[in-house]
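Structure first, then comments.
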Amino acid sequence: MKKQNLCKTLLLGLLALPLLSGCSQGTATGTCYWTNTGSDFGNYVFSAQVVLNKGTVTSATISETYLPAMWARINVDEFSDSSIEYLTVDDGTLLDGTQGKINFAKHIKVGDYTFTGTLRDSANDDDVPYINHGDYVCYRNDSIDASDTASAWTDLNRYLAQQDSGTYKLGGNCGWYFSCVQNKQIHAYGSKKGSSTRDVDYTLTFPENKMFREEATTTWTDWLSSEKALCTYLNGKKINYVYSTTDTNGDIHKCIKVSTEDKKTYLYNPGYANGVFSDDNWETITGCVKAGMSLDAIKAYFTAFNVAFASVEYSSML
């Protein structure tokens, strides 16, 4: 199932919850993990966390990290006494935005699992969206049978997009991956010359050598300012989000748009999710602009914040 369908199912499952009265009487924290579509270096995995006090957001934070499309880029000549199997992309997007050759580790490890990479095929319709976002290598879990085509583990990206069971889709698979990065349990392995054992850690690639986007303050200046603006906007609010709703006349209303005045700042209409289809309810997310955050990204963040909020505010009613 594709990511956009997962998000749609996730949202529809939560729509009825905000119609109930909230139950939070004190301070509580909700966290949801999800994926954000990247542009040149693969997708991202992020944590969206809200702290509530009596049903109102008092703090919202986003932390975002990279997939192997970023960190599995290696210098094959890093060690003179070791070698590493690698896959070469001749015309990939480099960290400085130019095009050039990139070498990716063929064998990586995430947590307790090892993966083997193969280059994605531009003739394969399933691979094209990934390639277009700079994700050139498909990493398959080594623990599954070679003939298995149905398992989500055939592609790490596919596994991360797999939805949780239950009412609240808190992104357990993404949470596992996020935790592995936090605990530095990600590796690109080579071998000592003359040995077949993969136990030589090659240096991973991160912008400014930082594993999380919010820490690479020079690289992601525009994203950081937009991310902080969105989190500031959510403070003091109850979150009830659905991107697209249809009124009784069959007209479709989308709750996020770019201002027609400055052509860059995002606006949000919280009334749509409650069936109030009025243009009087548009609110400006001051400082959150399309140059720093794509429409797909802000939709993903709102989705995750909505789930995190609902998992705390309405959990005792189920």
Side-chain angles (χ1 to χ4, degrees), residues 7 11 14 18 22 24 27-39 43-65 207-208 210 212-245 252-310 312-313:
C7 289
L11 290 170
L14 289 169
S24 296
T27 300
T29 301
T31 306
C32 178
Y33 300 91
W34 203 242
T35 57
N36 169 22
T37 302
S39 54
N43 293 343
Y44 305 101
V45 170
F46 69 90
S47 159
Q49 186 174 90
V50 290
V51 178
L52 310 184
N53 186 26
K54 298 181 180 179
T56 299
V57 175
T58 59
S59 173
T61 54
I62 295 170
S63 180
E64 191 159 89
T65 191
E208 302 174 45
K210 302 295 185 182
F212 292 88
R213 288 185 82 190
E214 62 271 18
E215 296 173 350
T217 55
T218 301
T219 304
W220 304 117
T221 302
D222 291 340
W223 174 78
L224 273 169
S225 59
S226 289
E227 174 263 326
K228 290 178 180 177
L230 175 60
C231 292
T232 298
Y233 167 80
L234 292 174
N235 284 343
K237 292 180 170 58
K238 295 179 180 292
I239 304 175
N240 179 16
Y241 165 81
V242 58
Y243 176 62
S244 179
T245 52
I252 297 173
H253 302 266
K254 296 179 179 179
C255 70
I256 301 173
K257 67 179 183 180
V258 175
S259 168
T260 56
E261 294 180 3
D262 68 9
K263 305 294 192 300
K264 62 179 184 179
T265 303
Y266 283 111
L267 308 179
Y268 174 60
N269 193 321
Y272 288 174
N274 297 315
V276 180
F277 303 106
S278 171
D279 283 341
D280 294 335
N281 293 323
W282 285 104
E283 298 176 356
T284 302
I285 309 178
T286 304
C288 187
V289 298
K290 64 179 183 179
M293 188 178 292
S294 69
L295 178 60
D296 283 340
I298 193 172
K299 287 164 59 178
Y301 297 144
F302 260 112
T303 297
F305 277 129
N306 193 55
V307 177
F309 179 92
V312 174
E313 183 65 1

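Note that this is a predicted model, so its numbers are computed, not measured. Here, residue 1 is the first one in the sequence, and each next residue gets the next number. When reading the values below, keep in mind they use all heavy atoms of this one structure, side chains included, and skip hydrogens, waters and symmetry mates.
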message: Are Tyr266 and Leu295 packed together at the side-chain level, in the sense that at least one heavy-atom pair is separated by less than 4.5 angstrom?
response: yes
query: For the atom pair NZ (Lys238) and CG (Asn306), what is the distance rounded to the nearest 0.5 Å?
result: 13.0 Å
query: Where is the tightest heavy-atom contact between Ala48 and Ala308, given as atom of each residue plus distance?
result: O-CB, 3.8 Å
field: Backbone of Gly236 reached by a side-chain donor or acceptor of Thr56 within 3.5 Å
entry: no
- request: Search all heavy atoms of Gly292 against all heavy atoms of Ser226 and return the closest pair with its distance.
  value: CA-OG, 3.8 Å
- prompt: Can any side-chain N or O of Glu214 pair as donor or acceptor with the backbone N or O of Leu224 at less than 3.5 Å?
  reply: no
field: Any Thr35 side-chain heavy atom under 4.5 Å of Tyr44 side chain
entry: no
Over all atoms of both residues, closest heavy-atom pair of Ala229 and Thr286: CB-O, 3.1 Å
task: Taking atom NZ of Lys257 as the centre, report whether more than 12 heavy atoms of other residues, nucleotides or ligands fall under 6.0 Å from it.
output: yes
Spacing of Thr245 atom OG1 and Asn274 atom CG [to the nearest 0.5 Å]: 9.5 Å
task: Look at the side chain of Ser259 and the backbone N and O of Glu261, then say whether any donor-acceptor pair between them is shorter than 3.5 Å.
output: yes
- request: Please tell me if the side chains of Val50 and Leu234 come closer than 4.5 Å, counting only heavy atoms from C-beta onward.
  value: no
query: Do the side chains of Arg213 and Asn36 get nearer than 4.5 Å, heavy atoms only?
result: yes
- request: Report the relative orientation of the aromatic rings in Tyr241 and Phe302; use parallel for angles under 30°, tilted for 30 to 60°, perpendicular for over 60°.
  value: parallel
message: Please check if the number of heavy atoms outside Lys237 that lie under 6.0 Å from its NZ is greater than 12.
response: yes
query: Is the ring centre of Trp282 less than 6.0 Å from the ring centre of Tyr272?
result: yes
- prompt: Say you draw a straight line from CD of Gln49 to OG of Ser47; how long is it, rounded to the nearest 0.5 Å?
  reply: 5.5 Å
field: Sub-4.5 Å side-chain heavy-atom contact between Trp223 and Glu64
entry: yes
- prompt: So among Phe212, Tyr301, Tyr33, which one has a ring pair (Phe, Tyr, Trp, His ring centres under 6.0 Å) with Phe46?
  reply: Tyr301
message: Testing the basics here: between Val312 and Ala28, what is the closest heavy-atom pair and its distance to 0.1 Å?
response: CG1-CB, 3.2 Å
query: Do Phe305 and Cys32 come close enough that some side-chain heavy atom pair is under 4.5 Å?
result: no
query: Which value, rounded to the nearest 0.5 Å, describes the distance between Leu52 atom CG and Thr29 atom OG1?
result: 7.5 Å
task: Step by step, work out the side chain to side chain contact (heavy atoms under 4.5 Å, CB included) result for Asp222 and Val289.
output: CA-CA 8 Å; Asp222 291 340; Val289 298; over 6 Å; no
- request: State, to 0.1 Å, how close Ala60 and Cys231 come at their nearest heavy-atom pair, and which atoms those are.
  value: O-CB, 3.1 Å
query: What's the verdict on side chain to side chain contact (heavy atoms under 4.5 Å, CB included) for Glu283 and Tyr233, showing C-alpha distance, side-chain angles and the deciding distance?
result: CA-CA 10 Å; Glu283 298 176 356; Tyr233 167 80; 2.5 Å; yes
- prompt: With a 4.5 Å limit on heavy-atom distance, are the side chains of Cys288 and Ile298 in contact?
  reply: yes
query: Just how far is it from atom OG1 of Thr217 to atom CD of Glu208, taken to the nearest 0.5 Å?
result: 5.0 Å
task: Any chance you could measure Trp34, atom CH2, to Ile62, atom CD1, to the nearest 0.5 Å?
output: 15.5 Å
